[in-house]
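Predicted model only: the values in this text are computed from it and were never measured. Heavy atoms only: backbone and side chains are in, while hydrogens, waters and symmetry mates are out. Counting from 1, the numbers follow the sequence of the chain as shown.
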Amino acid sequence: MESYISRTSGIKMKDKIGYAFGDLASCLVFGLTQSVLNKFYTDALEISVLSVMIMTIVARVWDAINDPIWGRLIDGARVYPDGRYRHWLRIFALPVAVATVLMFLNVKSFSMTWRTVWIYFTYILFGMLYTCINIPYGSMAQVITSSDKERSSLSVFRSIGSTFGAMPAMLLASFCYVKALDANGNEILDEAGKAMKVMSPTITLIGAVIIAVLAVVFYFLCYGWSKERVVSHPAAREKGQTKKIILTLLKSRPFMAVSVASMLFLAAQMFGQGYNTYLFDKFFNKQGLTMLPTVFQYLPVAVIMFFATKMGNRFGRREVCSYGVLAAAVFYLILFVLALFKIANVWLYLAANFVAGVGTAFIFLLIWALASDAIDYNKVAYGINDDATSYAFYSFMRKLGQTVATVLINVPLLIIGYEGSKLKTESLGQPELWTMYNYSVMIPAVLFLLVFLILRFVYPLSKQRIDALQVEKEAFLREQEEN
């Protein structure tokens, strides 16, 4: 008799590409918050770095309430004719795009108080709407196929989608500058006689609008090209069920380990993308090259994506991800040691980012498969069949990574005395600039090292354990089907 997993598998290339379009859409708008938004706040709107840090913390406190609630609502909602999870992509695609554009409106004419209120309101609104579409999108992987190997392939394609999705924001971060002019319309020159540049709110807004429109297009492509194969029913409504599930997730070693590892890995990614806008502007004075570190990190993905799934299946997803990220940590540590001897230049930095990108490519491509493995473990070990609630918790942990990245971006800026506007920071001396550079290589090294330690010594789902888990999952799914 054909197994349950076999009957609910068999995805096609269209499924993989369609699923990739979903994360491409999400990363188009999310990439703006990673690469552009912090500098737009501090430079274009002249919001203090401390206010930006506090804003992200407030947003995460709200997410701690909002995300589990939305996850429970999704788990308890009826199954619509167009799918249990993909249905929500169609509903929230446009609201997410609108909220994205609102964050980049030029409200510098507002008083500082109302400017601060505006960025708090629009940032939290974006986070709420992004949650409304991201949780069901992430949960789709559990119902597109029940095969762990096919989910590994979906993880790779999702990561490929996110790679392309992050690029437009990085491009905007590199070319949103215009020449600085004084009150008489004359160019302002630096000490070397070169025209200074400042961030243009108009160019930034136009770029944000274009990117938001593209996101809507790709959300609908994901909706049209995806198919839910696994029968999934609404969770039973029981008093205290949400609390019970959250407590179970908190005691699940595989789930908490992959959640924390994913949080730290995302923090490292977002730190680099956000901090590089300042590093290339001030330390390297190469504004037009701002996007290159991210491009260089993603270039290895274009090659490794062809065999990441096979290597993960053969050697273990935990194994290839953990040792890859360890290699990345080592290369950033080398840059930090060289910086102690005042050895640093833009091409050395880019080369190191490329080599580190080889190491991080595996976890970048397979992180979602690790999360799916942990969710499968929770089903078998604890009977948790509430995929949206599980993914809501996982999504919240990744949002914490965004907060960690924002803090790590802004604390060094506070230390060196960054005041928001480029024109106000021309007095930064070499000691401050070298401090800025030291943080740019030290922080990723520490974060990647922590990810390695968690995956290798805390996350328990080795290759052998995953193979055994598939046998246990088959019995669990058969029982669920019979009931």
Side-chain angles (χ1 to χ4, degrees), residues 13 15-36 100 130 134 137-138 140-141 151-174 207 210-212 214-215 217-219 221-222 225-226 262 265-274 276-277 289-312 317 320-321 324-325 327-328 350 352-372 398 401-402 405 444 448 451:
M13 181 58 69
D15 293 281
K16 299 177 184 180
I17 295 175
Y19 193 66
F21 281 155
D23 215 36
L24 193 159
S26 291
C27 287
L28 280 169
V29 293
F30 194 67
L32 288 170
T33 67
Q34 290 178 280
S35 306
V36 183
T100 300
Y130 185 80
N134 197 48
Y137 168 72
M140 282 171 57
R151 286 181 187 168
S152 181
S153 181
L154 283 179
S155 176
V156 169
F157 273 81
R158 175 174 183 166
S159 299
I160 293 170
S162 69
T163 300
F164 285 103
M167 291 303 171
M170 290 305 302
L171 189 65
L172 179 61
S174 297
I210 294 172
I211 288 172
L214 289 173
V217 172
F218 284 108
Y219 273 132
L221 284 173
C222 176
W225 286 21
S226 299
S262 184
F265 178 66
L266 183 64
Q269 280 188 304
M270 292 187 64
F271 168 80
Q273 293 177 19
N276 281 335
T277 60
L289 302 182
T290 300
M291 70 177 293
L292 286 187
T294 302
V295 172
F296 276 42
Q297 281 189 330
Y298 285 157
L299 279 177
V301 172
V303 176
I304 293 175
M305 67 182 185
F306 292 107
F307 54 87
T309 300
K310 292 180 179 179
M311 288 191 65
R317 288 183 279 275
V320 296
C321 290
V325 82
L350 291 173
N353 273 262
F354 175 81
V355 177
V358 175
T360 59
F362 291 98
I363 187 172
F364 176 75
L365 291 165
L366 296 173
I367 188 65
W368 303 105
L370 293 175
S372 289
R398 284 177 62 82
Q402 181 183 8
F448 287 145
V451 172

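- Using a 4.5 Å heavy-atom threshold, the side chains of Leu350 and Pro293 count as touching.
- Atom-to-atom distance recorded for Phe364:CZ and Gln269:CD is 6.0 Å, nearest 0.5 angstrom.
- Between Ala328 and Ala356 the shortest heavy-atom distance is CB-O, 3.6 Å.
- Atoms CG and OG, from Leu366 and Ser152 in turn, are 5.0 Å apart once rounded to the nearest 0.5 Å.
- In terms of modelled atom types and a separation under 3.5 Å, the side chain of Ser174 and the main chain of Met170 share a donor-acceptor contact.
- By the side chain to side chain donor-acceptor pair (under 3.5 Å) test, Ser372 is found to be paired with Gln142, residues two or more places apart in sequence or in another chain being considered.
- Looking at residues two or more places apart in sequence or on another chain, you find a ring pair (Phe, Tyr, Trp, His ring centres under 6.0 Å) between Tyr130 and Phe30, Phe126.
- Listed by chain and residue number, nothing satisfies the ring pair (Phe, Tyr, Trp, His ring centres under 6.0 Å) test with Phe157 (two or more places apart in sequence, or in another chain).
- When all heavy atoms of Ala215 and Val29 are compared, the pair lying nearest together is CB-CG1, 3.8 Å.
- Here the closest heavy-atom approach between residue Gly22 and residue Tyr137 is recorded as CA-CE1, 3.5 Å.
- Legend: residues meeting side-chain contact (heavy atoms from CB on, under 4.5 Å) with Ala169, ordered by chain and number and at least two apart, are Leu32, Ser35.
- The ring pair (Phe, Tyr, Trp, His ring centres under 6.0 Å) test applied to Phe218 returns Phe21, not counting sequence neighbours.
- Rounding to the nearest 0.5 angstrom, the gap separating the CG atom in Leu370 from the CD1 atom in Ile363 is 7.0 Å.
- Within the structure, every pair that satisfies the salt bridge (Lys or Arg N to Asp or Glu O under 4.0 Å) test and touches residues 23-35, not counting sequence neighbours, is listed here: Asp23-Arg158.
- Remark: the backbone N or O of Ser155 is paired with a side-chain donor or acceptor of Ser159 at under 3.5 angstrom.
- Listed by chain and residue number, Val303, Ile304, Met311, Phe362 satisfy the side-chain contact (heavy atoms from CB on, under 4.5 Å) test with Phe307 (two or more places apart in sequence, or in another chain).
- The side chain to side chain donor-acceptor pair (under 3.5 Å) search around Thr100 returns none, not counting sequence neighbours.
- Taking Leu171 as the reference, Phe175, Met291 meet the side-chain contact (heavy atoms from CB on, under 4.5 Å) condition, with sequence neighbours excluded.
- Heavy-atom minimum distance, Val320 versus Gly312: CG2-CA, 4.2 Å.
- The distance from atom SG of Cys222 to atom CG of Asp15, rounded to the nearest 0.5 Å, is 10.5 Å.
- The shortest non-hydrogen separation linking Pro300 to Gln297 is CD-O, 3.2 Å.
- For the atom pair CZ of Phe164 and SG of Cys27, the computed distance is 12.5 Å after rounding to the nearest 0.5 Å.
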Take Trp225 and Ile17 through the side-chain contact (heavy atoms from CB on, under 4.5 Å) test and state the conclusion after the steps. CA-CA 8 Å; Trp225 286 21; Ile17 295 175; 3.7 Å; yes

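- Contact record, Thr309 with Ser153: OG1-CA, 3.8 Å, taken as the closest heavy-atom pair.
- With sequence neighbours excluded, the residues that form a side chain to side chain donor-acceptor pair (under 3.5 Å) with Asn276 are Tyr349.
- The OG1 atom of Thr294 sits 7.0 Å away from atom CE of Met167, with the distance rounded to the nearest 0.5 Å.
- Listed by chain and number, the residues in a side chain to side chain donor-acceptor pair (under 3.5 Å) with Thr360 amount to none (sequence neighbours excluded).
- Counting only heavy atoms from C-beta outward, the side chains of Thr277 and Val36 never approach each other to under 4.5 Å.
- Residues that satisfy the side-chain contact (heavy atoms from CB on, under 4.5 Å) test with Ala166, not counting sequence neighbours, are Tyr298.
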